[in-house]
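Protein chains get the first letters and strands the later ones, always in sequence-line order, with residue 1 at the start of each.
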Number of protein chains: 2
Amino acid sequence: MQNNKVTIHDIAKSLNLDSSTVSRALNDSPRVIQKTKDIVLAKATEMGYQRNHLASSLRKNKTNTLGVIVPRISRHFFSSVISGIEETAYEAGYTVIICQSLEQFNREKKIVNTLMGQRVDGVLMSISMETKDYKHLEVLKKQGIQLVFFDRHCDIPNYSNVLIDDFKGGFEATEHLILKGCKNIAHFSGPQNLEIYKNRFNGYKHALSKHGLPFIEEFVFPSKLMEEDGRKNSEKLLALPNPIDGLFSANDVAAIGAMKYLTSKGVKIPEDIAIVGFSNEPISTVINPALTTINQPGIEMGKAATELLLKHIAKENGALDSQTIIMDSNLIERQSSKK
Amino acid sequence: MQNNKVTIHDIAKSLNLDSSTVSRALNDSPRVIQKTKDIVLAKATEMGYQRNHLASSLRKNKTNTLGVIVPRISRHFFSSVISGIEETAYEAGYTVIICQSLEQFNREKKIVNTLMGQRVDGVLMSISMETKDYKHLEVLKKQGIQLVFFDRHCDIPNYSNVLIDDFKGGFEATEHLILKGCKNIAHFSGPQNLEIYKNRFNGYKHALSKHGLPFIEEFVFPSKLMEEDGRKNSEKLLALPNPIDGLFSANDVAAIGAMKYLTSKGVKIPEDIAIVGFSNEPISTVINPALTTINQPGIEMGKAATELLLKHIAKENGALDSQTIIMDSNLIERQSSKK
DNA sequence: CTGTTAGCGCCTTCAT
DNA sequence: ATGAAGGCGCTAACAG
């Protein structure tokens, strides 16, 4: 293996130029005549030159690299967001490093350190469920690395957030069920230390009260984003004295577990129990059109968050104020209930 | 924003040491006494030092970074593979840069260039469907960057591959249907320029012949990994003179389209038509237990491919022979057909 | 055991 | 319009 490392010096030598001229030519600087640029470019291609980003970044103190931290890449919502991030970043000449926290605080801390070591220019993150301490994030800011949160709200001051309107989503999900004629609507909630699940829950309560339905504590089942929760909760749900006719699940995984269990018990969806779930996995809805979903615009969120981050990076010294962008979710009903 | 860039020189100065000693201490070199190491480490932490990987990589001519190229990150199979890659890479002290080709040859070329610019130590890739020309990959080798293919076979000589035994999978899928009593088994095939789909198709044919069933050309429907294909093919399938009672789909997306269409036409699955599909999306099988799947071990594949790549990197000059690792898929039946 | 020196490849003043 | 020189932060010879 012959390490074919062509440098600007090699090009310079073979053209009887100085490396600085070559550098300028390759960077399309106005301080080099067009003819020279052409010659340099041709030679560079001929020799198979590849700019060494390490050296360039080191010198410029700018890597044109963004770090992305998500809980799990395999969750469809997050991979959609990443697609959006990548696209916007790519267009702006940035490379993206993707990391998974696996919802573990310790991994998150380590990742932040790694990204700092890599000297990323900015970080986009969806904070892990375990994270309650934010010291590791303050270090980032100290190092001058911009940080934007997406999907999961983080209320440390002076950071930008790009979020989905979960209250509205929860409200619309519940109202949809009410308008379909449901009277006893259960709720599978998510971890209440996360804003998004709190907000969905509040949307649920608000819809009930707006339509004059009572809020019944027993209709609320906590869930930890596991299918198992969906099954167990459904079991309890069927055992309730009042028969449930509607269900709003704040997370799709529990909704899937619920559908599986309920169907196996002969419950017809949506005839007997109509279900609306926040959805990250479009596949689930493709396969089972009976599940109405609150759809989350992952790609758009990724783009919005990246644009915002890039603005922060550009104004690094101009101190761009932190801001919060709220994106709309939308309810998708594929198969209408007969109610 | 105060750029808190602490360097080894800063540490050295504040301790009246030389930067090289600090460097050695931070790298836990045996050439520094333990006491000095302790002092340096303490000071580094105190000052909030973060090693600059750019400088280190530039100097060592090694980035400890791997590039990964997949067609789409949102396909569950690929995100599983990536999880496996990340885990193994992480343990070995490597960072991973993930890129999506979106099945586009031009994007793939660009990505390869970007990764070369980033001076990754190695690349793991699943080649795009469009790619038929491999010049961009030969450049990698010329630069001394190791390359390992996974999932999608690439038959340029001297590269390692980590693959799934698609012939076996296709065979087992078809044999499963035969043993269930199916006599007229259709096949939704994938793009035949990709080895994996050719092999699945061959497995299908081999199972038929082994069990004395005729191979019927009309039972084979080409598909391009789109749901739409699954629907259209199903329509044609129902119009066949011989009634089909089994279907082996080489890709899950078409299988999903098929299930959707067939169910909407009142066809019972698996009673009327039993279906087995190669599956990348576990969710689909969770929701619809009627679909028997050939499951692909994504995480394991990612780990295996990464281990192999790291071996190649370690022996860069020792010239490790290229090799092919074949991983087993496994058939998962969740709901038994009544046949 | 620690210090000195040099240079990885690039960019950027400053000079010509 | 180009050249010369220095340095980004780190490591690896080679001293001592």
What nucleic acid atoms does Asn16(A) come within less than 4.0 Å of, heavy atoms only: base, sugar-phosphate, or nothing? sugar-phosphate
Round to a whole Å and report the spacing from CG of Asn27(B) to C1' of dT2(C). 15 Å
Could you write out each protein N or O paired with an N or O of nucleotides 13-16 of chain D at a distance under 3.5 Å?
from: dA13(D); atom 1: N6; to: Arg24(B); atom 2: NH1; distance (Å): 3.3
from: dC14(D); atom 1: N4; to: Arg31(B); atom 2: NH2; distance (Å): 2.9
from: dA15(D); atom 1: N6; to: Arg31(B); atom 2: NH2; distance (Å): 3.4

Protein-nucleotide distance (Gln34(A), atom CD; dT2(D), atom P), rounded to Å: 11 Å
To the nearest Å, give me how far apart NE2 (His53(B)) and P (dC10(D)) are. 10 Å
Ignoring hydrogens and geometry, is there a side-chain-to-backbone donor-acceptor pair from Asn161(B) to Cys154(B) under 3.5 Å? yes
Please work out if His9(B) contacts a base, only the sugar-phosphate, or nothing of the nucleic acid, heavy-atom cut-off 4.0 Å. base
Presence of Thr36(A) side-chain N/O under 4.0 Å of dT2(D) phosphate oxygens OP1/OP2: yes
Could you tell me the separation between the CD1 atom of Ile39(B) and the P atom of dC1(C), rounded to a whole number of Å? 14 Å
Glu108(A): side-chain hydrogen bond (donor to acceptor under 3.5 Å, both in side chains) partners, not counting sequence neighbours: Thr131(A), His136(A)
Just to be sure I understand the rule, does Ser56(B) reach a base, reach only the sugar-phosphate, or reach nothing, if contact means heavy atoms closer than 4.0 Å? sugar-phosphate
For Leu58(A), which contact category applies under a 4.0 Å heavy-atom criterion: base, sugar-phosphate, or nothing? base
